[in-house]
Amino acid sequence: MSTSTNMVYLDYAASTPVDPRVIETMTGLLSRDGDFANPSSNHLAGRRSREHIDLSGSPLAGSGSLTCLLLVCTSGVTVSDN
């Protein structure tokens, strides 16, 4: 199924398009040669995975668009609401 460029999509509460840079980065990380391990694990692969997560907030936090002192990343909206 392809999406028409003339289509207006108004259900962003259910799903949103992903930035191509995110897709490219995640594809590299989640591949067989990537750092796909459980970031909560204490082994080397887990620590490498955790490092990617920790560094992922740096560009956002340094963009100047945030005025908060702490950036908290959650797994989804339910966790965020809680």
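Note: hydrogens, waters and symmetry copies are ignored here, and every other heavy atom, side chains too, is used. We count residues from 1, following the sequence as given.
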Chemist: Tell me whether Thr25 contacts the main-chain N or O of Arg21 through its side chain, where contact means a donor paired with an acceptor under 3.5 Å.
Modeler: yes

Chemist: Same cluster or not: are Val18 and Leu30 linked, directly or through other Ile, Leu, Val, Met, Phe, Trp or Tyr residues, by side-chain heavy atoms under 4.5 angstrom apart?
Modeler: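 Per the 4.5 Å side-chain linkage, Val18 and Leu30 are co-clustered.
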
Chemist: Just how far is it from atom CG of Leu29 to atom NE2 of His52, taken to the nearest 0.5 Å?
Modeler: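 NE2 of His52 is found 5.0 Å from CG of Leu29.
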
Chemist: Let me confirm one number: the CD-CG distance from Glu24 to Asp19, rounded to the nearest 0.5 Å.
Modeler: 10.0 Å

Chemist: Once rounded to the nearest 0.5 Å, what's the spacing between atom CG of Asp35 and atom CD of Glu51?
Modeler: 8.5 Å

Chemist: Using every non-hydrogen atom in the two residues, find where Ser40 and Arg50 come nearest and quote the distance to one decimal.
Modeler: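 The pair with the smallest heavy-atom distance is OG-NH2, 4.5 Å.
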
Chemist: Treating Ile, Leu, Val, Met, Phe, Trp and Tyr as nodes and any side-chain heavy-atom pair under 4.5 angstrom as an edge, say whether Ile23 and Phe36 lie in one connected cluster.
Modeler: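 Same cluster: Ile23 reaches Phe36 through Ile, Leu, Val, Met, Phe, Trp or Tyr contacts under 4.5 Å.
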
Chemist: Under 3.5 Å, side chain of Thr16 to main-chain N/O of Tyr12, donor-acceptor pair present?
Modeler: no

Chemist: Check for a donor-acceptor pair, side chain of Ser41 on one end and backbone N or O of Gly46 on the other, with a separation under 3.5 Å.
Modeler: no

Chemist: If you define the side chain from C-beta out and look only at heavy atoms, does anything of Ser15 sit under 4.5 Å from Tyr9?
Modeler: yes

Chemist: Can you confirm whether Arg48 is buried at CZ, in the sense that more than 12 heavy atoms of other residues, nucleotides or ligands lie under 6.0 Å from that atom?
Modeler: no

